[in-house]
Every structure is written in structure tokens, then in C-alpha cells.
S.K.: 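Quick one: structure below, then a few questions.
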There are 2 protein chains.
Amino acid sequence: MNDNSEKQKMVKMLKALANPIRLKMIASLHEKPKNVYALAKELEIPYPLAHLHLNGLKKLGLVKEVRAEQKVKGLPSVKYYAPSKFEIVLTPETIGKLYAESERGKNG
Amino acid sequence: MNDNSEKQKMVKMLKALANPIRLKMIASLHEKPKNVYALAKELEIPYPLAHLHLNGLKKLGLVKEVRAEQKVKGLPSVKYYAPSKFEIVLTPETIGKLYAESERGKNG
DNA sequence: TTAGTATGTAATATTTTTCTTATATATAAA
DNA sequence: TTTATATATAAGAAAAATATTACATACTAA
């Protein structure tokens, strides 16, 4: 019942990482945490696009908010993001295992 | 000049692997080499679709022909495929490195 | 000769992903 | 008040990926 979610999660993760903008974002945030606005400027893409891509990474837990600086009074603070700790190893073996294990999971 | 190809190749590889059918194919071929027709039946998808997906993997070198059995006389032999040996490790560090190194490659 | 095995491709249709444009809010500085 | 900083979302357009249908070839077995 739940054995599919592992495979589905993997596909979602890989889809998220299979994009040059999102890879660049992770690389940039790994170097130094920053906010969406700065990221958009650095990658030379419009803010809504940057927001969209970062949000996708955030939803999958590949990127997280590390701190929120309240520059002014009680107002929209600047949110800094950094990559989460993740490790995905792709080999014929790991892929084979992913499917073999969930097959077994079906019955026992 | 050539520093982009590494990143582009990575994105292509990840795109190829970010698909349930293609992951299943690799898992199945890792278990036992087989031909497109058998793969199509096993995954319960139409042959042209299986051909399309396997071709994508083949073009990137993720899957290779391991042998061709000539069942009959001088005719379309059955082609068996297996995954190539590959290893892709995805962490914030490896992604950061991928982009940092190619940046440096631009000038030196 | 029809069904099953086996290959491969082309054209189209569908679906998903990606990108742009527009909207809305809020502050500071010029 | 206009520009720059900063957030967030929605709607629609464009592009890319995915899937279907049809075609063409070729042998074997029923």
C-alpha cells in the first residue's frame, strides 16, 4: 500500500533535480544561503520563476529556510534558504533494489 | 567552451532517470537482460512506447546491447539489453562542485 | 491466411513542465 | 511619486515530454 511512495518520491526528487535552474539554485545556496530575490538576480531570471523553482525544491525538502532576517520593524522579513542534507545514489543496483524491495513489500 | 557539456550531460541523465517507466526498465534489465518486446510485455506498455523509452536510455549510454541472438537464418535477430555501469551521486556538495568546477573551467 | 513473435519509424495527440505577464502587498530612498 | 528592495500568487502562453495510432517489414505456427 505504501511501497509505491518510495518510488514515487524518488521520481519526484529526480524530476526536481533534472533541471538546470534548480541545480544552479542548489549549487548557489550550497555556496552561501540567500533569499529568492537575490537568487533571481544571480541566475538572471525573473523573480516569479525563481520563486516557482525554489518552491518546488522546498516542497520536496531539498531546500529549507535557514533564517529570516527582520530588516525593518514588524514586516516581511528576508528569508534565507540553504540546501537540506540529502544523498541520492543512482546505479543499476540502487534502481534495481528500489523496485525489487517494493515488489516484495506488496505481500510481506 | 566544453565546460557546459558536463552539466548538460548531467541534466540529460537525470531527466532520463526521472521517469517511472525508464527506472522500471533499468531495474528489470538489471535483474535479467531482455529485448524491447519482452520489456514492453512485462511493463504492460505498447511496444512503440517501450522502444522510445529504451532508445532514450541507449542514446545516453545508460543501457547497452549485450548480445543479439539469431533465432532464424539471416534475419532480424533478437537484441538483448542490459544497463551500463553508471554511478551518479547527488548531494548539495556534488551539485555545488559540478557548477563550481565548470565556472573555473571558463578561464583556466 | 490469420495470429503471434519481433524489429523499427513517423505522425499526431495528449499531458506535463516551464516561462511570462499581471496582480497585490509593503518599506526605504531619491 | 517613482525606483529599488522584498514577498507571494494566479492565469495564461509556450515548450517539451509522453503516449497513441498507424505503418512497414519478416518469420513461425496454427
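Naming: A, B, ... by sequence-line order, numbering from 1 per chain. Below, all heavy atoms of this structure are taken into account, side chains as well, without hydrogens, waters or symmetry copies. Worth saying up front: this structure is predicted, and the values here are computed from it rather than measured.
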S.K.: Have a look at B:Ile21 and say if it touches a base, only the backbone sugar-phosphate, or nothing, with a 4.0 Å heavy-atom cut-off.
M.R.: sugar-phosphate

S.K.: Can you check the A:Leu52 CG to D:dG12 P distance for me, whole Å?
M.R.: 16 Å

S.K.: Using a cut-off of strictly less than 4.0 Å, decide whether B:Asn19 has a side-chain nitrogen or oxygen near OP1 or OP2 of D:dA17.
M.R.: no

S.K.: Hey, which of these two, B:Tyr37 or A:Ala18, hits DNA chain C nearer its 5' end, going by closest nucleotide?
M.R.: B:Tyr37

S.K.: May I ask you to evaluate whether B:Lys15 reaches the phosphate of D:dA17, defined as a side-chain N or O under 4.0 Å from OP1 or OP2?
M.R.: yes

S.K.: Whole angstrom is fine here: how far is it from CD in A:Glu42 over to P in D:dA6?
M.R.: 14 Å

S.K.: To the nearest Å, how far apart are A:Leu49 CG and D:dA6 P?
M.R.: 19 Å

S.K.: With heavy atoms under 4.0 Å as the rule, sort A:Asn35 into base, sugar-phosphate or nothing.
M.R.: sugar-phosphate

S.K.: With a cut-off of less than 4.0 Å, is there a side-chain N or O of A:His53 near OP1 or OP2 of C:dC19?
M.R.: yes

S.K.: Between D:dT5 atom P and A:Tyr80 atom OH, what is the distance in whole Å?
M.R.: 13 Å

S.K.: Flag the pair A:Ser28 / A:Lys34 as yes when at least one side-chain heavy-atom distance between them is below 4.5 Å, and no otherwise.
M.R.: yes

S.K.: What is the distance, to the nearest angstrom, from the NZ atom on A:Lys59 to the C1' atom on D:dA8?
M.R.: 12 Å

S.K.: Could you tell me the separation between the NZ atom of B:Lys41 and the C1' atom of C:dA3, rounded to a whole number of Å?
M.R.: 13 Å

S.K.: Measure from NZ on A:Lys24 to P on C:dT18 and round the result to the nearest Å.
M.R.: 14 Å

S.K.: Kindly state whether the pair A:Tyr47 / D:dT7 counts as stacked, where counting means centroids closer than 5.5 Å and planes tilted less than 30° apart.
M.R.: yes

S.K.: Rounded to the nearest Å, what distance is computed from the NZ atom of residue B:Lys79 to the P atom of nucleotide C:dT5?
M.R.: 20 Å

